[in-house]
Amino acid sequence: MTDFYAAIPKAELHLHIEGTLEPEMMVALAARNKVAIPFASVEEVRAAYRFTNLQTFLDIYYAGADVLRTEEDFHDLAAAYFDRAAADGVVHAEIFFDPQTHTHRGIPFDIVARGLFAAVEGAKAKHGMTVELIMSYLRHLDEDDAFATLRQAEPWLDRFIGVGLDSSEVGHPPSKFARVFAASRERGLKLCAHAGEEGPPAYIHEALDILKVDRIDHGNRALEDPALVARLAREAMTLTVCPLSNVALRNVDTLAAHPIDRMLDLGLRATVHSDDPAYFGGYIARNFRELAAARDLSREQVVMLARNSFLGAFLSDEALAGHLTRLDTFVQAGAKAD
Ligand code: HPA
Ligand code: ZN
């Protein structure tokens with residue numbers, strides 16, 4: 001559906017490529033690679049997607065990723081995502097991948113990286129979009145494991161824009177990864193961390209003060225701490241909010257209760273993204289569309305969310321200016337049509 005929400009130019013800044021594994025592809029790759037999965041059909045896979053919190057999701061998400069074995073698999077996964085993203089108005093994407101999910105199953109880092117980069121090149125040529133990759137450390141593992149991952153990534157580092165921090169949040173505060181984030185920063189990488197999704201506002205403070213992140217993923221729980229909200233607003237820190245994920249993982253009761261407009265009203269640089277769309281019911285345009293309907297967002301608020309996605313991206317000044325001009329042109333053309 002190419003409506004306003006799909007057409008408006010936007011950047012995807014919070015997407016886990018493993019979270020784009022649609023049930024159809026999971027079943028097809030299981031057959032292609034002769035991997036046993038505990039589901040007999042696409043319908044059974046879908047029926048299993050009922051989550052009560054982050055961990056119940058992660059258990060299924062990591063199990064599903066087991067069908068990804070070859071360079072071709074990683075290519076096909078990412079290529080399918082870029083096709084969907086382009087149809088959803090994504091002109092720039094900065095996507096996460098979780099190397100440890102694969103290296104811990106015996107899939108070499110290079111297989112993952114080669115497959116993903118082949119798809120990135122394909123997306124640039126086919127869709128004219130720009131794409132960056134962010135390597136995410138799994139926070140339920142220890143910091144030495146993250147350092148091992150950084151070492152495996154060494155030959156590829158100039159091709160990654162940054163590092164992230166994801167997986168089970170509570171009990172794994174950002175401070176656990178202080179040294180590996182410092183080492184990552186020294187190598188010229190941008191820094192992101194999931195914080196305040198399920199974890200307390202203190203984890204957002206740690207991500208800022210100890211990890212010195214450039215961007216916070218989720219960040220919803222900042223709303224419990226007015227001083228933190230004021231600081232995030234003052235520092236123009238981007239919060240990559242994922243509405244359908246928030247509802248699926250029960251961090252927000254319903255989309256109608258989502259605090260996105262409160263975040264904007266408080267001066268936060270909130271953006272809207274899709275997190276793990278194959279699991280949470282929709283890609284980025286659907287997140288925009290359903291959120292806008294549920295919260296009765298104005299066109300100006302939706303444009304602000306799209307604008308924030310470019311402001312929060314790791315773009316050069318020149319590329320940023322180009323995207324903002326393109327967004328303004330889109331908005332003006334729409335205003336004339338009204
Ligand atoms: N939170 C934490 N870790 C994740 C997520 C998420 O929403 N998706 C994939 N890994
Ligand atoms: Zn996420």
Side-chain angles (χ1 to χ4, degrees), residues 11-22 26 49-66 68 74 77-78 81 85 93-105 112 116 132-141 145-146 149 162-174 176-177 190-200 203-204 206-207 211 213-222 238-252 258 270-284 287 309 312:
E12 173 65 272
L13 305 180
H14 187 158
L15 176 116
H16 303 266
I17 199 64
E18 294 87 353
T20 67
L21 181 61
E22 291 286 341
M26 192 189 293
Y49 291 178
R50 259 181 263 113
F51 317 114
T52 50
N53 57 22
L54 177 57
Q55 194 59 51
T56 52
F57 155 68
L58 289 171
D59 292 344
I60 291 182
Y61 163 86
Y62 293 132
D66 190 36
L68 298 164
F74 288 97
L77 175 72
Y81 165 68
E94 297 178 2
I95 62 173
F96 297 119
F97 74 110
D98 291 341
Q100 289 150 297
T101 297
H102 313 299
T103 54
H104 277 239
R105 301 181 290 116
V112 181
L116 294 179
E132 300 289 355
L133 291 185
I134 301 173
M135 171 174 91
S136 247
Y137 300 122
L138 296 182
R139 69 201 306 156
H140 68 274
L141 301 174
D145 211 290
T149 304
V163 298
L165 185 66
D166 62 6
S167 193
S168 321
E169 187 180 4
V170 175
H172 304 286
K176 182 177 162 186
F177 297 91
K190 297 286 187 185
L191 310 180
C192 309
H194 283 52
E197 179 184 20
E198 283 191 349
Y203 284 22
I204 303 176
E206 284 195 8
L211 301 188
V213 292
D214 300 292
R215 203 155 72 200
I216 296 280
D217 295 307
H218 295 294
N220 301 42
R221 288 195 61 191
T238 302
L239 306 181
T240 63
V241 179
C242 303
L244 290 174
S245 165
N246 293 156
V247 175
L249 301 186
R250 313 241 184 126
N251 296 311
V252 171
H258 199 281
T271 56
V272 164
H273 306 288
S274 44
D275 213 3
D276 302 283
Y279 293 87
F280 300 150
Y283 289 75
I284 195 165
N287 273 274
S309 76

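Every number for a ligand or one of its atoms is a count from 1 in the order of the listing.
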Quiz item: Does any N, O or S atom of H14, backbone or side chain, fall under 2.8 Å from the Zn ion (ligand 2)?
Solution: yes
Self-check item: Atoms in ligand 1 flagged as close to H194, the criterion being non-hydrogen separation under 4.0 Å
Solution: 1 (N), 2 (C), 6 (C)
Exercise. With heavy atoms under 4.0 Å as the rule, classify the contact between H218 and ligand 1 as side chain, backbone, both or neither.
Key: side chain
Quiz item: Does an N or O anywhere in H14 fall below 3.5 Å from an N or O of ligand 1?
Solution: no
Practice problem: Please determine which of H14, H218, H16 meets the side-chain hydrogen bond (donor to acceptor under 3.5 Å, both in side chains) test together with D166. | Solution: H16
Quiz item: Is there a donor-acceptor contact under 3.5 Å from the side chain of E206 to the main chain of P173?
Solution: no
Quiz item: Based purely on interatomic distance, does D276 place a nitrogen or oxygen under 3.5 Å from a nitrogen or oxygen of ligand 1?
Solution: yes
Quiz prompt | F57 and F280 aromatic centres sub-6.0 Å | solution = yes
Quiz item: Under 4.0 Å from ligand 1, counting heavy atoms only, is it the side chain of E197, its backbone, both or neither?
Solution: side chain
Quiz prompt | Metal site the Zn ion (ligand 2): N/O/S of D276 inside 2.8 Å | solution = no
Quiz item: Would R221 and E169 pass as an ion pair if we require N to O under 4.0 Å?
Solution: no
Quiz item: Does ligand 1 have any atom that is closer than 4.0 Å to a heavy atom of D217?
Solution: no
Quiz prompt | Closest to atom 9 (C) of ligand 1 among F280, Y61, Y62, Y279 (heavy-atom distance) | solution = Y61
Self-check item: Minimum-distance N/O/S atom that D275 presents toward the Zn ion (ligand 2)
Solution: OD1
Self-check item: Contact partition for F96 relative to ligand 1, non-hydrogen atoms under 4.0 Å
Solution: neither
Quiz item: Do the side-chain N and O atoms of T56 and D59 include a donor-acceptor pair separated by under 3.5 angstrom?
Solution: no
Quiz prompt | Which residue and heavy atom of the protein sit nearest atom 3 (N) of ligand 1, plus the separation | solution = S167 N, 2.8 Å
Quiz item: What residue and heavy atom of the protein are closest to atom 7 (O) of ligand 1, and at what distance?
Solution: D275 OD2, 2.8 Å
Quiz item: Would a line drawn from the ring center of Y137 to the ring center of H172 be shorter than 6.0 Å?
Solution: no
Exercise. Please answer whether the main-chain N or O of L239 pairs with a side-chain N or O of T271 as donor and acceptor at a distance below 3.5 Å.
Key: yes
Self-check item: the Zn ion (ligand 2) to nearest N/O/S of H194 below 2.8 Å
Solution: yes
Practice problem: Would you please indicate if the ring centroids of H102 and F97 are separated by under 6.0 Å? | Solution: no
Quiz item: Are D145 and Q100 linked by a side-chain donor-acceptor pair shorter than 3.5 Å?
Solution: yes
